[in-house]
Each structure stands twice: as structure tokens, then as C-alpha cells.
*Asks:* 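Please see the structure below; I have some questions.
Scope of the values below: all heavy atoms of this structure, side chains included, with no hydrogens, waters or symmetry mates.
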Amino acid sequence: MAHYLTIDQGNTEAKIALWQDAELEDFRLEPALTPDKVSDFVSGRKLAGAIYCSVAREDVDVLHRMRHLCPRAMRLTSDTPLPLKVDYRTPTTLGTDRVAAAVGAWSDYAGRPILVVDAGTAVTYDYVDADGVYHGGNIAPGISMELRALHEFTARLPLVPFPGNMPELCTELFGRDTRQAIALGAVYSVVASIYFYRSRLPRETVTVLGGGCGHHLASVCDFEARVDEHLASKGLNRILLYNETI
């Protein structure tokens, strides 16, 4: 079986995944990715392909190491052939992480309309129709970003940590003290957004939650939401496999 390496460089950490064809074999989160960490993760395994995408500054040294480990390493750009059709006014400005997440969701739910919610530092809400056309989406602050903003841009509101136990927090609709009010406000702003987008899309739309906060959000949604914490990495792998067939 062939091994494939995917690297999704986010705003705060990198997601490195190793795949055996379409099956996830190994995964690691790296807050500070370096070329040596890439080599350590691959650990001498022969790679059939590798792909890199970044929403932050492109790390040239990491790309060079990937190409040393695998001559068929590629960077995801707006020119990369995709298994989806992209209907976006400015494709060169479209975040490659959003594209990867959409492809990851489509690989599991092809033929159905999909609301793709990738919840990390920011939250993106993207739509893929049943014919595999990506129609764009929206970008909003993530929960941690909202919590920080409320503290940093006000005089007296405290910095509230990320609410790890959302089901317990969300037994209340309204906060009964300031810290609870801040936490609920940040969580419900994202949950309410998911409700809103679902209400405007076809009834048969599948909601897929990815990113580091996906499983937290799914725990407080009273509708079916599929969770895949490796959504963008899966999409990168499927893009690699797709490019082998064309």
C-alpha cells in the first residue's frame, strides 16, 4: 500500500497526517512545525506523494524538506486540479484549508448537499451542492477568538477560558454571572450560525463539523451533525489521490 503525507498549516498549529492510500495511519499536531519534525514524523517511510497547504505564512523550509522526502510533493494552490468544481469569484484568495475541508466532506457524502463547518481559530461555513459544486461560504471568529476579543477590546470583561464541557455549560440558555454569560455568548453565536445556515439550505443537506472545536459543538447541537476532526487532512489526501488519476 502507498503512503501519502499531508500537512495543513493552520494559524496556531500544523496538522500532519500519514495515509495508507485513503486510510489514516498516523496523525500529529505540531504547534511549531520544523523540517526536522516532518522527517521525524515520516520516520523513514517511503512516500508515494505529499501535499502542503497553509493559511499562514508559507514555510519554504518545510516545503523543501517535503520535496526531499518525496519528489512528488506538491503545494495546494488555486491551480491544483480538484474533484470539486469551484464556483468562487476570486479563487486565488480562497483559503486552501476551506477547499481541503470541502473536498474531505465531499469524499464521504458525494451526491448530497453539504454544509461544511470548520471550527478552529476562525469558523468557516461553506456549501457544496449535490452536484459537487463548491459555492463559497462565510468566515467568522472562532470561540477562542471571541473570548479573547471580549477581554481585549473592553475595559472590564475578564478573559474566560475555552469551555471544554459544553453540554454542562449549555444546560442554561442565559448566563447567571458574567463569566458564564461570556462563555455562553461565544458558544451560542457559533451554534446559532450553524442553525441559520442549515435553515437556508436544502432539507437533505448534511452538516459536517471539522476543526478542533467540531466535536465540542456537535455535543450541543440538537440536530444530526457528522464530526470529522481530520476533515481538511482527509481532503488533502483525496486531492493527492485525484491528481494521480488525471
*Asks:* Quick one: pull up CG in Leu47 and CZ in Arg72 and give me the separation to the nearest 0.5 Å.
*Replies:* 11.0 Å
*Asks:* Under a 4.5 Å cut-off applied to non-hydrogen side-chain atoms, are Leu5 and Phe41 in contact?
*Replies:* yes
*Asks:* Which heavy atom in Thr96 sits nearest to a heavy atom in Cys53, and how many Å separate them?
*Replies:* OG1-CB, 3.4 Å
*Asks:* Atom CG of Leu241 and atom CG of Leu236: how far apart are they, to the nearest 0.5 Å?
*Replies:* 11.0 Å
*Asks:* Closest approach of Leu29 and Pro31, non-hydrogen atoms and distance?
*Replies:* O-CD, 3.8 Å
*Asks:* Check for a donor-acceptor pair, side chain of Lys85 on one end and backbone N or O of Asp131 on the other, with a separation under 3.5 Å.
*Replies:* no
*Asks:* Using every non-hydrogen atom in the two residues, find where Ile239 and Asn243 come nearest and quote the distance to one decimal.
*Replies:* O-ND2, 2.8 Å
*Asks:* Check whether any side-chain heavy atom of Ile194 sits under 4.5 Å from a side-chain heavy atom of Phe223, and report yes or no.
*Replies:* yes
*Asks:* I need the Leu24 CG to Ser233 OG distance, nearest 0.5 Å.
*Replies:* 7.5 Å
*Asks:* Would you check if Asp59 and Leu63 make a side-chain contact, meaning some heavy-atom pair closer than 4.5 Å?
*Replies:* no
*Asks:* Sequence neighbours excluded, which residues qualify as side-chain contact (heavy atoms from CB on, under 4.5 Å) partners of Tyr242?
*Replies:* Pro81, Pro83, Thr245, Ile246
*Asks:* Drop me the distance from Leu84's CG to Asp87's CG, to the nearest 0.5 angstrom.
*Replies:* 12.0 Å
*Asks:* Atom CE of Met145 and atom CD of Glu152: how far apart are they, to the nearest 0.5 Å?
*Replies:* 10.5 Å
*Asks:* Can you name the closest pair of heavy atoms from Ala140 and Tyr125 and give their distance?
*Replies:* CB-CE1, 4.2 Å
*Asks:* Return each pair, listed once, that meets side chain to side chain donor-acceptor pair (under 3.5 Å) where at least one residue sits in residues 205-217; pairs must be two or more places apart or across chains.
*Replies:* Arg198-Thr207
*Asks:* Is there side-chain contact between Tyr188 and Leu173, with at least one heavy-atom pair below 4.5 Å?
*Replies:* yes
*Asks:* List in chain and number order the residues that pass side chain to side chain donor-acceptor pair (under 3.5 Å) with Asn11, two or more places apart in sequence or in another chain; answer none if no residue qualifies.
*Replies:* none
*Asks:* Between Asp40 and Arg28, is a side-chain contact (heavy atoms from CB on, under 4.5 Å) present by the stated rule, with each step listed?
*Replies:* CA-CA 11 Å; Asp40 176 68; Arg28 184 183 299 176; 3.1 Å; yes
*Asks:* To the closest 0.5 Å, what do you measure between OG (Ser78) and CG (Leu94)?
*Replies:* 8.5 Å
*Asks:* Any salt bridge between Asp108 and Arg226, counting N to O under 4.0 Å?
*Replies:* no
*Asks:* Restricting to side chain to side chain donor-acceptor pair (under 3.5 Å), what partner residues turn up for His68, sequence neighbours left out?
*Replies:* none
*Asks:* Mind checking what makes side chain to side chain donor-acceptor pair (under 3.5 Å) contact with Glu25, not counting sequence neighbours?
*Replies:* His3, Gln20, Arg45
*Asks:* Please enumerate all residues that pass side chain to side chain donor-acceptor pair (under 3.5 Å) together with Tyr197, with sequence neighbours excluded.
*Replies:* Asn138
*Asks:* Hey, are the side chains of Val62 and Gln9 touching, using non-hydrogen atoms and a 4.5 Å cut-off?
*Replies:* no
*Asks:* Is the side chain of Asp118 donor-acceptor paired with the backbone N or O of Gly211 at a distance under 3.5 Å, no angle test?
*Replies:* yes
*Asks:* If every non-hydrogen atom of Ala232 is compared with every non-hydrogen atom of Asp8, which pair is closest and at what distance?
*Replies:* CB-OD2, 3.5 Å
*Asks:* Where is the tightest heavy-atom contact between Val123 and Pro141, given as atom of each residue plus distance?
*Replies:* CG2-O, 3.8 Å
*Asks:* Compare all side-chain heavy atoms of Leu240 with those of Met74 and state whether any distance is below 4.5 angstrom.
*Replies:* yes
